[in-house]
Amino acid sequence: MLGAPHPILSLAAEPVDPLDPDVVAAAADLLATLRHEPSTTGLAAPQIGLSWRLIAFDAGLHPRSRSWAGELVVVNPRLTSASHWDDGREGCASIPGLTADVRRASRITVRGHLPGTGEPVTIEADAFEARCIQHQLDHLDGLLFLDRVPGVLSLHRRLHSCDA
């Protein structure tokens, strides 16, 4: 997994064909990496070195989860609605040791496609799952959670592994 300040983490990712065998293989790699990191609830393709619009997430076991779309990979995801903004603590596998208070929507709708079939998918998420998905979408736009921090007073050392 790539860590900051790797340059790929600062680039906007490119749309991909959900039927492309390389995309399907990358989706499997994302899920395998996600499963191997039990404290991680989401990953984006740039974090594994691919500048592609592809995210994986599974927030179901997190104690702050209310919604759960399942263990899912979405190709070319796009945020179509966001509401009920609030602050919450986030961390990132690409920036170990730090968390921060980040303002995000607590209710979202995301549309994209499933790898392998290209089937359209719509995810309605709230609370922690919504935060996790938005965090991954930021990676696709070349943003890290630190880019959303209003100041140094919002930063915290990571004390445990259950942060976003």
Side-chain angles (χ1 to χ4, degrees), residues 1-59 61-62 64 69 71-79 82 87-105 108 110-116 121 123 125 128-164:
M1 187 163 347
L2 299 181
H6 194 285
I8 200 169
L9 296 173
S10 298
L11 299 174
E14 297 294 323
V16 291
D17 179 354
L19 303 177
D20 183 319
D22 290 335
V23 172
V24 175
D29 286 347
L30 276 175
L31 281 180
T33 304
L34 187 62
R35 290 175 185 146
H36 186 264
E37 299 289 335
S39 65
T40 301
T41 56
L43 287 171
Q47 291 178 282
I48 62 167
L50 299 170
S51 190
W52 294 351
R53 298 193 75 78
L54 184 67
I55 63 171
F57 58 92
D58 181 359
L61 296 178
H62 194 280
R64 293 184 295 173
E71 182 183 68
L72 199 56
V73 177
V74 182
V75 179
N76 301 324
R78 63 194 183 288
L79 187 68
D87 294 327
R89 187 70 57 91
E90 292 186 25
C92 182
S94 294
I95 307 172
L98 279 180
T99 63
D101 299 320
V102 180
R103 187 159 190 77
R104 295 206 189 265
I108 64 168
V110 173
R111 297 184 195 286
H113 295 89
L114 297 177
V121 63
I123 299 125
F128 182 81
E129 186 174 51
R131 179 169 296 280
C132 175
I133 294 168
Q134 290 169 88
H135 181 108
Q136 304 319 312
L137 293 174
D138 274 357
H139 278 297
L140 301 184
D141 292 331
L143 298 172
L144 298 171
F145 77 97
L146 294 178
D147 295 318
R148 296 201 178 272
V149 174
V152 70
L153 294 178
S154 296
L155 295 176
H156 307 277
R157 283 186 332 174
R158 176 172 265 176
L159 300 176
H160 48 80
S161 62
C162 68
D163 297 315

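Because the structure is predicted, anything quoted here is derived from the model rather than measured. Hydrogens, waters and symmetry mates are skipped; everything else that's a heavy atom, side chains included, is used.
- One finds the CZ atom of Phe145 at 7.0 Å from the NE2 atom of His135 (value rounded to the nearest 0.5 Å).
- The side-chain contact (heavy atoms from CB on, under 4.5 Å) with Phe57 is formed by just one residue from the set Thr41, Leu72, Thr40; it is Leu72.
- Checking Gln47 against Ser94 by side-chain atom types alone, a donor-acceptor pair falls below 3.5 Å.
- With values rounded to the nearest 0.5 angstrom, Asn76 atom CG is found 8.5 Å from Leu54 atom CG.
- Side-chain atoms of Asp101 and Arg89, non-hydrogen and from C-beta on, do get closer than 4.5 Å to each other.
- Minimum interatomic distance between Ala12 and Ser51 (heavy atoms only, all atoms of both residues): O-OG, 3.6 Å.
- Considering only heavy atoms from C-beta on, Pro77 stays 4.5 Å or farther from Arg111 through its side chain.
- Closest of all the heavy-atom pairs between Val73 and Ala56 is CG2-CB, 3.9 Å.
- Taking a cutoff of 4.0 Å between a charged side-chain nitrogen and a carboxylate oxygen, Glu90 and Arg131 qualify as a salt bridge.
- The backbone N or O of Ala125 lies less than 3.5 Å from no partner atom in the side chain of Glu129, so there is not a single donor-acceptor pair.
- Note that the CZ atom of Arg53 and the CG atom of Leu140 stand 4.5 Å from one another [nearest 0.5 Å].
- Between His139 and the options Ile55, Leu43, Ile8, Leu144, a side-chain contact (heavy atoms from CB on, under 4.5 Å) holds for only Leu144.
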List, one per line, each side-chain donor-acceptor pair under 3.5 Å for residues 15-38, sequence neighbours excluded.
{"from": "Asp17", "atom 1": "OD1", "to": "Leu19", "atom 2": "N", "distance (Å)": "2.8"}
{"from": "Asp20", "atom 1": "OD1", "to": "Asp22", "atom 2": "N", "distance (Å)": "2.6"}
{"from": "Thr33", "atom 1": "OG1", "to": "Asp29", "atom 2": "O", "distance (Å)": "2.9"}
{"from": "Arg35", "atom 1": "NE", "to": "Glu71", "atom 2": "OE1", "distance (Å)": "3.4"}
{"from": "Arg35", "atom 1": "NE", "to": "Glu71", "atom 2": "OE2", "distance (Å)": "2.9"}
{"from": "Arg35", "atom 1": "NH2", "to": "Glu71", "atom 2": "OE1", "distance (Å)": "2.5"}

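- His113 is not listed as a side-chain neighbour of Val121, based on a closest heavy-atom distance of 4.5 Å or more.
- Scanning all heavy atoms of the two residues, the minimum distance from Gly112 to Val74 falls at CA-CG1, 3.7 Å.
- A distance of 11.5 Å separates CG of Leu11 from CG of Leu143, quoted to the nearest 0.5 Å.
- With salt bridges taken as basic N to acidic carboxylate O contacts below 4.0 Å, none links Asp87 and Arg148.
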